[in-house]
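All residue numbers in this chain count up from 1 along the given sequence. Every number for a ligand or one of its atoms is a count from 1 in the order of the listing.
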Amino acid sequence: MSNAPVQRTPTLLSVVAPVYNEEELIDAFVARASAAVADYDYELILVNDGSADSTPQKLDRIAQRDPRVRVVHLSRNFGHQAALTAGLEHAIGDVVAMIDADLQDPPELIRDMLAQWRDGADVVYAVRKEREGETAFKLATASLFYKLFRKLAQVDLEPNSGDFRLLDRKALDALLSMTERSRFLRGMTVWVGFTQTAVSYERDARTAGETKYTLRKMLRFSLDAIASFSHLPLQLATYIGLISATIAFILIPVVVALHFAGSYLPGFGSLTIAILLLGGIQLIALGVIGEYVGRIYDEVKHRPLYIVREERNRPANGHGGRGPLVRAGLALQPGQPEEHVHERVG
Ligand code: UDP
Ligand code: MG
């Protein structure tokens, strides 16, 4: 594995969870997550992703009782990956775990992940052995997505690994230095490299509430993932174009020959087909290009990924995480001593 000095101990463990309309579950989650990491100095960062139910009030109440629970209220719903990023940017621990707040990821597993981290792993991801209580449709589409992603992207993403993972500070800083807008965090944590290890677990069914991922969101998410890790769809448009052009070129002499042989029936059937075919291919190619141009436009605008409305239990020294640093393009340089960064943020 790694040749770095082994057996590290965390000074502060950050547990980051995005929360969106989880009023039925949030108390249970906080209780279970807090119990799971009680042996460590920890902060639990809950990012309220613009919940419209009683979640925000519940979060404030929890934060009032327990100073280790930090709450970041976003100004509206920015989506799972943006909320997760917000949490990661606010974390100040030297080890950070990200976990879903719906108790589908067992918080107790963080201890196993920490054990791996102690032995020198910088990125520990949880791989689900089983996915209970999810629809056959979700399982099938998820499996299809992972297969496709593996084929298209140059990132070796473990199938069935969600966003439940644990990162060392240096891996997290590397991750946060990636300022792209369409974020596929589970691919990005693999992309940063360092020493990666997996731990496996059984994914529980949601005990309450329902999935916040609609089919549309899931499709959008998969497209984002593939387009931000692969150029193949763009190249695919070229290939399809080339193939159809070749077919057309072959057909020209065939048509001419048929004409002179006298057996050519002037029919607009074939013409119509050709026009439809080529038109279709061109539209597909345009659409693919549009997908990337849209992405370029999004990146160029350089809008913040999320906007914070309010924060609860922000650390007293005013050091609320690395967010503004990264957004200002001042992300941690490789090899830069940690202390230095802490000073700059303060
Ligand atoms: N979530 C969020 N913003 C959203 C959608 C989801 O913060 O727009 C949170 C949600 O509260 C949960 C986690 O992201 O803690 C995963 O969402 P969900 O369980 O709905 O996804 P699934 O497990 O079905 O893939
Ligand atoms: Mg879930």
Should R8 and D168 be marked as a salt bridge (charged side-chain N to carboxylate O under 4.0 Å, His left out) after you check the CA-CA gap, both sets of side-chain angles, and the distance that decides it? CA-CA 11 Å; R8 318 183 255 197; D168 179 66; 3.5 Å; yes

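Interface of K217 with ligand 1, defined as ligand atoms under 4.0 Å from a residue heavy atom, comprises 8 (O). Within the listing of ligand 1, atoms 7 (O), 11 (O) sit less than 4.0 angstrom from a heavy atom of V19. Those atoms of ligand 1 with a heavy atom of E22 less than 4.0 angstrom away are 10 (C), 11 (O), 12 (C), 15 (O). In the vicinity of N77, heavy-atom distances shorter than 4.0 Å reach the ligand 1 atoms 3 (N), 4 (C), 8 (O). If you number the atoms of ligand 1 from 1 as listed, the ones under 4.0 Å from a heavy atom of A101 come out as 15 (O).
Ligand 1 lies out of reach of M218, whose nearest heavy atom is not under 4.0 Å from it.
For the atom pair CG (D163) and CE (M188), the distance works out to 11.0 Å, reported to the nearest 0.5 Å. We find the OG1-CG distance between T195 and D122 to be 4.5 Å, quoted to the nearest 0.5 Å.
For ligand 1, the polar-atom distance check against A83 finds no nitrogen or oxygen pair separated by under 3.5 Å.
Within 6.0 Å of atom NZ in K147, 12 or fewer heavy atoms from other residues, nucleotides or ligands are found, so the atom counts as exposed in its surroundings.
At a heavy-atom distance under 4.0 Å, no atom of L84 approaches ligand 1. For H80, heavy-atom contacts with ligand 1 shorter than 4.0 Å involve the backbone as well as the side chain. By the criterion of a heavy-atom distance under 4.0 Å, the side chain of D49, and not its backbone, is placed next to ligand 1.
By the 30° and 60° cut-offs, the orientation of the rings of Y201 relative to F164 is perpendicular.
A salt bridge between E108 and R32 is present, with a side-chain N of the basic residue lying under 4.0 Å from a carboxylate O of the acidic one.
Sorting the N, O or S atoms of D102 by how far they are from the Mg ion (ligand 2) puts OD2 first.
I99 and P18 make their closest contact through O-CD, 3.4 Å (heavy atoms, listed as atom of the first residue, atom of the second, distance).
Within the 4.5 Å cutoff, the side chain of L88 has heavy atoms near those of the V96 side chain.
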